[in-house]
Amino acid sequence: MKIALCQFDPTVGDFSGNSARILHMAGEAKGCGADLAVFSELSVCGYLPQDLLERPAFLERNRATIACLAQKTPLPILVGYAARANSNTGKPAWNAAALLAEGRIVFEQHKMLLPTYDVFDESRYFQPAPSQQVFAFGGEKLGITICEDIWNDKNFWAKRLYEADPVVDLLSQGAGIILNISASPYTIEKRAVRFEMLRALARSHQRPVVYVNQVGGDDTLVFDGSSVALTADGRIAAQARAFEEDVIIFDTTTGKGDLRPQPPDEISLALQALVIGTRDYVHKCGFQKTLVGLSGGIDSSVVACIAVAALGKENVTGIAMPGPYSSEGSVRDARQLGSNLGIQLIVLPIGNVFDTYRKTLADVFSECAPDATEENIQARIRGNLLMALSNKLGALVLSTGNKSEIGVGYCTLYGDMAGGLAVISDVPKTMVYELARVINRERELVPRASIEKAPSAELRPNQTDQDTLPPYDVLDRVLKAYVEEVHTPEEIAAHLGFPLDLVRDIALKVDHSEYKRKQAAPGIKITSRAFGFGRPFPIAQKFVP
């Protein structure tokens with residue numbers, strides 16, 4: 001049997017657009033001689049639909065679209081959709097995989113293992129399947145699973161999250177091949193772990209495994225695709241592109257298939273994730289044009305490069321807003337970046353506006369020494385100008401703060417945090433430099449001076465980030481251990497060899513900055529634990545670890 005692995009980029013709730021894409025790819029699969037085309041989890045409605053699943057009309061559109069696809073598909077297809085649940089559990093839906101052929105649903109499997117960690121909250125919406133069944137098709141007994149259903153192999157995981165193992169149940173019924181439709185978001189290093197898990201699954205059970213993953217951006221999540229078919233001995237027989245729509249063929253008889261080129265390293269994958277995440281967020285939210293405040297620094301330079309790669313230079317405008325403490329070099333670097341990228345650059349000096357603010361507040365502030373208040377005013381002037389241009393031009397502002405700054409609150413509410421998408425808010429500062437080097441591989445886009453100079457907000461004379469923060473190589477290691485790996489300050493200090501007082505101070509800054517992050521623009525998740533809805537901490541709390 002020839003199986004087509006069809007990875008595409010759905011939009012949540014776009015039933016007509018998603019079904020049209022499914023039918024187009026099914027036609028492509030038919031032209032390649034496929035006997036069955038397999039699509040990703042919830043491909044009909046898009047993943048994650050969240051509280052849309054609580055709307056009866058949304059579930060009805062799922063049902064109607066499936067019925068229409070069954071009538072129109074040129075070959076049998078396996079698609080994911082949200083089916084209305086039919087029992088009294090309080091959960092509105094099944095997370096379902098439907099095999100469509102002969103104008104109808106010939107078989108339907110429901111997801112058994114419902115993740116509730118990180119960004120996942122599937123038990124809020126879905127009823128878990130009580131059991132699994134194999135289905136005979138094309139001379140094979142298919143073991144059809146949905147995403148998490150294959151992530152519980154006792155031969156791979158030292159600690160399992162669930163008692164049940166749907167794969168073992170299906171194999172006990174004689175399944176000859178495991179099919180998995182998935183919506184597994186990208187995070188750094190997860191792709192490699194996923195491949196090893198799939199390889200272990202194939203080898204331990206001596207069955208071919210076909211894994212079809214979603215691709216594209218959905219709000220803060222990015223899906224890498226990277227769909228793959230493995231033979232029973234764990235050999236990769238077919239592999240789709242990363243971060244691109246693709247159709248590939250796997251022949252179960254010969255054990256051969258299409259093998260696409262793969263990105264060379266993890267930082268290249270991360271860059272692709274940020275590019276496709278930016279592109280899809282902007283376009284799926286109905287925008288074309290974007291604005292980036294350019295300071296001449298590394299963060300805004302990398303964000304501008306990502307935006308151009310995602311949207312084209314004609315859809316990115318740089319806004320330089322030099323203030324009284326901006327160096328001549330910073331303005332020069334912003335101009336050089338604009339020239340390198342071929343984007344429009346608008347220069348709006350803020351010195352006079354800042355003077356007006358100070359004069360307006362002079363009497364009220366007369367008995368107060370200058371402090372961070374005056375620094376924040378400059379940042380907020382820039383935020384106001386960016387949002388005014390956004391309103392007037394209908395362009396989305398891309399904010400430029402990185403994970404290190406946002407983590408410890410080294411950012412200004414309604415200032416540099418202003419915007420519609422925080423492109424690198426899950427990128428540690430040290431990784432920003434790595435991204436810049438990848439961006440500059442073919443030719444220099446990020447000016448060398450922006451990479452080499454000491455990071456500075458330039459909100460007071462001779463200011464550098466390290467006046468307030470530890471060196472970024474120290475800060476980023478502590479943040480990773482505290483935020484992503486959830487270690488205590490004592491554990492971090494002992495393991496990394498840093499002073500306990502330093503680690504505790506960083507941890508307190510993280511905890512005390514939650515109120516800022518709750519008001520930040522959504523950001524693109526690329527690490528195992530990003531700030532946002534996958535890390536829900538209270539704002540008003542007094543627990544000290």
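Keep in mind the model is a prediction, meaning the values are calculated, not measured.
Checked against the 6.0 Å centroid threshold, Tyr186 and Phe243 count as a close aromatic pair.
Contacts of Arg517 classified as salt bridge (charged side-chain N to carboxylate O under 4.0 Å, His left out), with partners at least two apart in sequence or in another chain: Glu514. Checked against side-chain hydrogen bond (donor to acceptor under 3.5 Å, both in side chains), Lys429 has the following partners two or more places apart in sequence or in another chain: Asp299. With sequence neighbours excluded, no residue forms a side-chain hydrogen bond (donor to acceptor under 3.5 Å, both in side chains) with Lys516. The side-chain hydrogen bond (donor to acceptor under 3.5 Å, both in side chains) test applied to Glu148 returns Tyr117, Tyr162, not counting sequence neighbours. Residues passing the salt bridge (charged side-chain N to carboxylate O under 4.0 Å, His left out) test with Asp118, sequence neighbours excluded: Lys525.
The salt bridge (charged side-chain N to carboxylate O under 4.0 Å, His left out) analysis of residues 485-499, with sequence neighbours excluded, yields the pairs Glu490-Arg504.
A side-chain N or O of Asp511 and one of Tyr482 form a donor-acceptor pair less than 3.5 Å apart. There is a side-chain donor-acceptor pair under 3.5 Å between Tyr125 and Asp51. No donor-acceptor contact under 3.5 angstrom links the side chains of Ser184 and Asn213, judged on distance only. There is a side-chain donor-acceptor pair under 3.5 Å between Asp265 and Ser268. Gln7 and Ser227 form a side-chain donor-acceptor contact under 3.5 Å, judged by distance and modelled atom types alone. No hydrogens or angles considered: nothing links the side chains of Thr317 and Lys289 as a donor-acceptor pair under 3.5 Å.
Distance alone, capped at 3.5 Å, places no donor-acceptor pair between the Ser399 side chain and the Gly401 backbone.
When each of Glu189, Lys480, Lys190, Glu484 is checked for a side-chain contact (heavy atoms from CB on, under 4.5 Å) with Thr527, only Glu484 meets the rule.
Cation-pi contact between Arg535 and Phe537: present, with separation from the ring centre below 6.0 Å and deviation from the ring axis of at most 45°. Cation-pi contact between Arg358 and Phe354: present, with separation from the ring centre below 6.0 Å and deviation from the ring axis of at most 45°.
Contact check for Lys111 versus Leu114: side-chain heavy atoms found under the 4.5 Å cut-off. Between Leu311 and His283, the closest side-chain pair of non-hydrogen atoms falls below 4.5 Å. Considering only heavy atoms from C-beta on, Arg382 stays 4.5 Å or farther from Asp416 through its side chain. Side-chain contact check for Pro264 versus Arg441: some heavy-atom pair is nearer than 4.5 Å.
The pair Asp9-Arg241 does not meet the salt-bridge criterion, since no charged nitrogen lies less than 4.0 angstrom from a carboxylate oxygen.
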Taking it one step at a time, do Leu386 and Ile319 satisfy side chain to side chain contact (heavy atoms under 4.5 Å, CB included)? CA-CA 8 Å; Leu386 285 169; Ile319 314 296; 3.8 Å; yes

Report the C-alpha separation of Arg194 and Asp224 in whole Å, then their side-chain angles, then the decisive distance to 0.1 Å, and conclude whether the salt bridge (charged side-chain N to carboxylate O under 4.0 Å, His left out) test is met. CA-CA 12 Å; Arg194 189 196 296 144; Asp224 56 290; 2.9 Å; yes

